[in-house]
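Step one of this worksheet: look at the structure below.
Given the structure is predicted, the values throughout are model-derived calculations rather than measurements. So you know, we letter chains A, B, ... as the sequences are listed, proteins then strands, and number each from 1.
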Protein chains: 2
Amino acid sequence: MKKVGRPRQVGQARDTAEALKRSALDLLSRNSYRSVTIKDIGREAGLTTAMIYYHFRDKNDLLRATIEYAIEKALTRFQEVSENIDEPAALIHEWLYMHVNLHSELGKVLKLIIDYNHSDVQTDQIDEAVQRFYGTERDVLMGCVQKGLETGIFSDGKPEEISILVSTFLDGAVLRGQILGETDAQGAAAIQTSVEVFERVLWSALGFRGRAALSSRTG
Amino acid sequence: MKKVGRPRQVGQARDTAEALKRSALDLLSRNSYRSVTIKDIGREAGLTTAMIYYHFRDKNDLLRATIEYAIEKALTRFQEVSENIDEPAALIHEWLYMHVNLHSELGKVLKLIIDYNHSDVQTDQIDEAVQRFYGTERDVLMGCVQKGLETGIFSDGKPEEISILVSTFLDGAVLRGQILGETDAQGAAAIQTSVEVFERVLWSALGFRGRAALSSRTG
DNA sequence: GTCTATAAAAGGATAGAC
DNA sequence: GTCTATCCTTTTATAGAC
């Protein structure tokens, strides 16, 4: 069922819709859904409110599109990291520090998910995107532990449990970055410290004894 | 400068103000500040909107009072736990499981703090209350580690680092409880699992070898 | 201390011109 | 595809009776 006929300025349209989503993401990561107005979003994108209703059904629809946009962008990052690293300990290491480096982006996603969960807007589409988001993390982490146990570099830990442990901790770390550091540097520093400590503790929980080689690369 | 003269129905007034704060807390823990209306809060408390303006300056003032109210209640709980337990490992254990048992209350506080941080309402009073909240946790945890190292039941770990590790993790756990379990049981289960795993990992990080005696009490 | 009624402002949404 | 102008609803806040 492909759309035919003349696609008039369709490139332009996509740009505008995306500009609106970017503006919405930016504003929604700093303020709640209800406190960000249609006018705010339009102004931020250099457009008027009417344009939002041309590209989206209503404000809720823009929220849906924005959350999906943010999650898909984050998932792309997730894949870039996880596809290029085979060695389990190295991948976990990268996973942890990806959260330090991208704490600002990931903080926005987390903030949006929290906001969405506490809003009256509930759609299957977003629910699935959120599930995909956390599911990907779970798959990556469980896969790492599993593989590490098989190859013998890890001697301890259940994949399911470690996965929950890590992703719960990282949620906390990213959240702290959001709560503490309004100034970006402060947030980054807070996350960095806690992740460093956590990594050491994690290696110990996994019975991993080769961290010196890894941490010299990034730390 | 003490107020004298007849304090007409002053007890009643305090009750009403507190009822409003309780209603506000309840609604604000499930919805954002901007999406909760003055009318909602009034209705929840069985009163009209005008009463809010009798007891509080405006909506922002009610938010401020509500956050302080929630934080003070949580701090009271914190003290109840930390005052009655001397042994460091037992106190840390209780601290962790307090977050499981009170995940609903603490989730509300966390939600309010996040909301406050992302609102345009910024007051020194609340900032101080938030600092006191996290400061208390920090003091308790650092105190435990310090004492444990001195008495020799812990053989490893820096107080500052462990404190950051634990409180960051617990933020994540409580947040997960909020995100996942709209149903209270689900949230509790999710937190419980992750805290159990974390506790084991933590004892290992502290070089603590007596956990069997402790976990049999609560686990 | 509490209510009813209402003013005043803000926000979401649409119609119609270009 | 985009803008201007505007309508309608919701929400905050106040005045005044009881």
Side-chain angles (χ1 to χ4, degrees), chain A residues 3 5-24 26-28 30-67 115-116 118-123, chain B residues 3 5-24 26-28 30-67 115-116 118-123:
Chain A
K3 248 191 209 150
R6 58 246 129 131
R8 223 179 292 186
Q9 288 150 317
V10 104
Q12 182 80 347
R14 186 169 17 227
D15 287 356
T16 303
E18 199 170 315
L20 286 169
K21 282 186 275 187
R22 263 201 307 275
S23 299
D26 199 48
L27 293 171
L28 287 172
R30 287 195 303 270
N31 304 91
S32 76
Y33 175 57
R34 288 295 274 270
S35 72
V36 172
T37 71
I38 290 286
K39 270 175 189 149
D40 290 337
I41 298 168
R43 189 183 322 119
E44 178 78 16
L47 296 163
T48 58
T49 76
M51 281 314 296
I52 289 168
Y53 292 90
Y54 179 80
H55 289 285
F56 304 94
R57 231 185 353 272
D58 53 20
K59 197 189 173 189
N60 285 352
D61 190 43
L62 174 58
L63 174 68
R64 178 200 52 70
T66 304
I67 294 179
D115 227 32
Y116 166 70
H118 290 104
S119 81
D120 42 6
V121 191
Q122 233 78 11
T123 80
Chain B
K3 249 191 210 152
R6 47 233 140 145
R8 224 180 289 186
Q9 288 152 321
V10 103
Q12 182 80 343
R14 192 176 5 235
D15 287 356
T16 303
E18 198 170 315
L20 286 168
K21 284 186 274 186
R22 264 201 306 275
S23 299
D26 199 49
L27 292 170
L28 287 172
R30 287 196 303 269
N31 303 92
S32 76
Y33 174 57
R34 287 295 273 269
S35 72
V36 172
T37 71
I38 289 286
K39 265 179 192 148
D40 292 337
I41 297 167
R43 189 184 321 119
E44 179 77 18
L47 296 163
T48 58
T49 76
M51 281 315 296
I52 290 167
Y53 292 92
Y54 179 79
H55 288 285
F56 304 95
R57 234 186 351 273
D58 53 19
K59 196 187 172 189
N60 285 352
D61 190 43
L62 174 57
L63 173 68
R64 177 200 54 70
T66 303
I67 294 179
D115 227 33
Y116 166 71
H118 290 104
S119 80
D120 42 8
V121 190
Q122 233 79 12
T123 80

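Side-chain contact between A:Leu27 and A:Arg22: absent, with no pair of heavy atoms (C-beta onward) separated by less than 4.5 Å.
Distances were taken from every side-chain heavy atom of A:Ile38 (C-beta onward) to each of D:dT12, D:dT2, C:dG12; the shortest belongs to C:dG12. When the nucleotides D:dT12, C:dC3, D:dT4 are ranked by their closest atom to the side chain of A:Ala50, D:dT4 comes out on top. The nucleotide whose nearest atom lies closest to any side-chain atom of B:Thr49 is, among C:dG12, D:dA13, C:dT2, D:dA13.
Taking 4.0 angstrom as the limit, B:Thr16 places a side-chain polar atom (N or O) nearer than this to OP1 or OP2 of C:dT2. At C:dG11, none of the side-chain N or O atoms of A:Lys39 fall inside 4.0 Å of OP1 or OP2 (strictly under the cut-off). Listed pair A:Arg34 / D:dT11 meets the phosphate criterion, a side-chain N or O lying under 4.0 Å from OP1 or OP2. For C:dT14, the OP1/OP2 oxygens have no side-chain nitrogen or oxygen of A:Tyr53 closer than 4.0 Å.
Salt bridge status for B:Asp26 with B:Arg30: present, with a side-chain N to carboxylate O gap under 4.0 Å.
Across the helix from C:dG1-D:dC18 to C:dC18-D:dG1, the helix axis at one end is tilted relative to the axis at the other end by 0° (nearest 10 degrees, each axis from five pairs).
Looking at heavy-atom distances under 4.0 Å, A:Ile52 makes no contact with the nucleic acid at all.
For the pair A:Lys59 and A:Tyr33, the cation-pi criterion (under 6.0 Å, within 45° of the ring axis) is fulfilled.
Atom OG1 of residue A:Thr48 and atom NZ of residue A:Lys39 lie 11.0 Å apart, to the nearest 0.5 angstrom.
Comparing B:Thr48 and A:Asn60 against DNA chain C, the residue whose closest nucleotide sits nearer the 5' end is B:Thr48.
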